[in-house]
Amino acid sequence: MSTKSEIINNIEQQLETYQSDKVGESEIGEVIEVKDGIASIVGLTKVQSQEMLTFPSGATGLALNLEEDVVGAIILGDFSKIKQGDIVTRTGEIMNIPVGDEMIGRVINPLGEAIDGKGELKTTETQPIDQIAPGVITRTPVETPLQTGIKSIDALIPIGRGQRELILGDRQTGKTSIAIDTILNQKDQNVTCVYVAIGQKESKVAALVSKLEEAGAMEYTTVVLAGASEPSPMLYLAPYSGVTLAEYFAAKGEDVLVVYDDLTKQAIAYREMSLLLRRPPGREAFPGDVFYLHSRLLERACNLTDEFGGGSITALPIIETQAGDISAYIPTNVISITDGQIFLESNLFNKGIRPAVNIGSSVSRVGSAAQIKPMKKVAGTLKFDAAQYKELEAFSQFASDLDPDTKKVIERGRRLTEILKQPNFHPMKVEDQVVSIFALTNGYFDKIEISEVSQKEASLIEFANNVKKDLLARIVEGEWSDELIEELHTTCKEGIN
Amino acid sequence: MKSNKHKLKRKQKNLQMNHTVEIVSAHVLEQSKVEELAQIFDINISDIETKIDPSILGGIIIRKGSVVYDGSIKSKLENLKQALFNKLHTA
């Protein structure tokens with residue numbers, strides 16, 4: 001703490017060397033109408049599209065509608081203090097947010113301001129929010145797995161780093177749970193995570209954040225929150241803020257995972273904003289560019305070549321369907337943009353199959369290129385077995401009247417379903433998954449009662465982790481040899497009984 | 001649906017803002033000074049509206065359409081305060 005005279009000396013020094021600025025030139029406009037978070041402004045003759053504007057109340061606005069005699073601007077923040085006659089100033093900057101490593105572990109709003117009460121964020125860099133996605137030359141094929149820790153996904157619908165995989169389902173089917181489990185599983189995987197919460201209850205997000213903190217996931221995760229009570233422009237911007245932050249990390253060569261939870265709410269907020277801006281409504285009253293809203297967001301997720309840093313951004317957008325209708329407007333839009341979808345069904349969820357993944361309708365267009373060799377080998381026949389079982393499932397009621405081969409398929413299928421069930425917040429390491437699925441496909445669970453399968457699986461995994469650490473390490477390395485297969489057989493024999 | 005009256009009002013407001021010039025000073029300006037300013041900023045004398053606002057402390061603020069040239073003492077002092085604050089804050 002400097003003394004009084006020190007401070008005075010300092011100020012005197014600064015005053016002597018102070019260079020007064022030239023006459024300041026700025027461009028202004030006057031608000032002639034403000035309602036529902038949209039301000040109509042005259043003046044601002046040279047304003048650029050999506051430029052940030054400042055209002056006297058301190059709020060920031062974004063100039064979106066540039067018409068002949070008036071500018072339509074959305075207000076990012078509290079619009080109750082803005083009145084007719086207010087003088088609006090151009091900032092000269094296109095919408096940007098602060099980015100930096102300081103954001104990790106924090107909860108921020110779409111403008112980059114901290115809202116978790118842990119102190120102000122001191123960042124030095126800013127990045128524009130609406131950037132053009134990387135071009136063809138800067139991209140490289142997706143080859144590294146992104147392990148979600150969820151058996152049904154890692155085995156049957158594998159996701160790679162740089163892929164966009166859509167999570168689709170009705171309300172309360174476990175969409176957020178899949179995303180959170182994936183984030184939890186990135187603990188030792190060198191993946192930075194960004195979770196964008198759009199239009200969610202702030203209490204729910206607070207619970208999520210504390211869950212992430214408990215599991216130590218906040219050490220590599222940033223949460224971007226635009227809560228349900230925020231004005232629609234904030235909900236519209238939130239995903240773009242999330243991917244801008246992700247791009248900052250990816251440019252440094254890091255692998256990033258971005259979860260958008262959920263894009264349906266963003267589309268609805270964008271519809272609200274567009275209707276208030278008097279833009280013509282199209283199908284389901286959505287504006288004509290609602291596809292572009294999502295495509296330009298999701299195209300920014302990619303795998304970059306070494307020349308451009310070698311980083312990657314994996315996107316997990318979430319869409320909520322109504323009554324399982326995946327052929328509605330927004331779901332079909334996003335399905336056509338992403339590299340695959342994970343389809344969650346309510347009736348599977350209600351039957352106790354959780355995660356409620358419909359294996360038949362879910363797909364990953366990257367597929368086994370994003371799996372380690374052991375997993376590729378053991379999961380190879382899994383999808384086929386599951387499909388066979390599904391066909392015969394209806395006959396399982398007549399189990400006693402069926403021929404032995406059909407019975408075998410049904411019994412194996414029932415055990416497959418049991419194995420693929422997984423409790424919430426318990427992602428499983430890939431080597432444990434390999435052991436479990438190996439045991440399943442080689443018939444080691446065939447003689448176990450259905451109700452005991454999970455228990456036996458758990459004890460097998462425990463056994464492998466205690467006694468066969470070396471084997472597990474070799475699986476992680478990607479080894480797959482006859483000798484390793486032999487050892488797996490031994491492990492299963494000893495682990496299950 | 002916007003009525004014609006509404007559209008006309010907007011056009012009127014637009015003209016009001018974009019085609020007028022306002023000069024704000026702390027004290028009354030001599031006519032010769034006003035003429036000099038008109039020459040420098042390339043404005044018609046007849047378009048100029050002068051306004052007296054003692055709170056700017058000195059200097060002038062010229063609003064030509066929607067562009068504002070701020071040469072008031074008040075803003076210069078504000079900028080000084082901000083610059084000092086920034087320098088001392090980061091020191």
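Chain letters run A, B, ... following the sequence lines, proteins first, then strands; residues in each count from 1. Hydrogens, waters and symmetry mates are skipped; everything else that's a heavy atom, side chains included, is used. For clarity, every value in this text was computed on a predicted model and none was experimentally measured.
Between chain B and the options A:Val70, A:Val42, A:Asp69, heavy-atom pairs under 4.5 Å are most frequent for A:Asp69.
The shortest distance between side-chain heavy atoms of B:Ser66 and A:Leu44 does not fall below 4.5 Å. For the pair A:Lys46 and B:Val67, the minimum side-chain heavy-atom distance is below 4.5 Å.
In this structure, CD in A:Glu33 is found 12.0 Å from NZ in B:Lys13, a value given to the nearest 0.5 Å. If you take CZ on B:Arg63 and CD on A:Glu27, they are separated by 11.5 Å, rounding to the nearest 0.5 Å. Taking CD1 from A:Ile32 and CG from B:Asn14, the interatomic distance works out to 8.0 Å, rounded to the nearest 0.5 Å.
Other residues, nucleotides and ligands contribute only 12 or fewer heavy atoms inside 6.0 Å of the NZ atom of B:Lys33. In the displayed structure, A:Glu219 atom CD is contacted under 6.0 Å by at most 12 heavy atoms of other residues, nucleotides or ligands. For A:Ile132, the CD1 atom sits in a loose shell: 12 or fewer heavy atoms of surrounding residues, nucleotides or ligands are nearer than 6.0 Å.
In this structure, chain B has a heavy atom under 4.5 Å from the side chain of A:Glu67, while its backbone stays farther away. Residue A:Ile28 touches chain B through both its backbone and its side chain, counting heavy-atom pairs closer than 4.5 Å.
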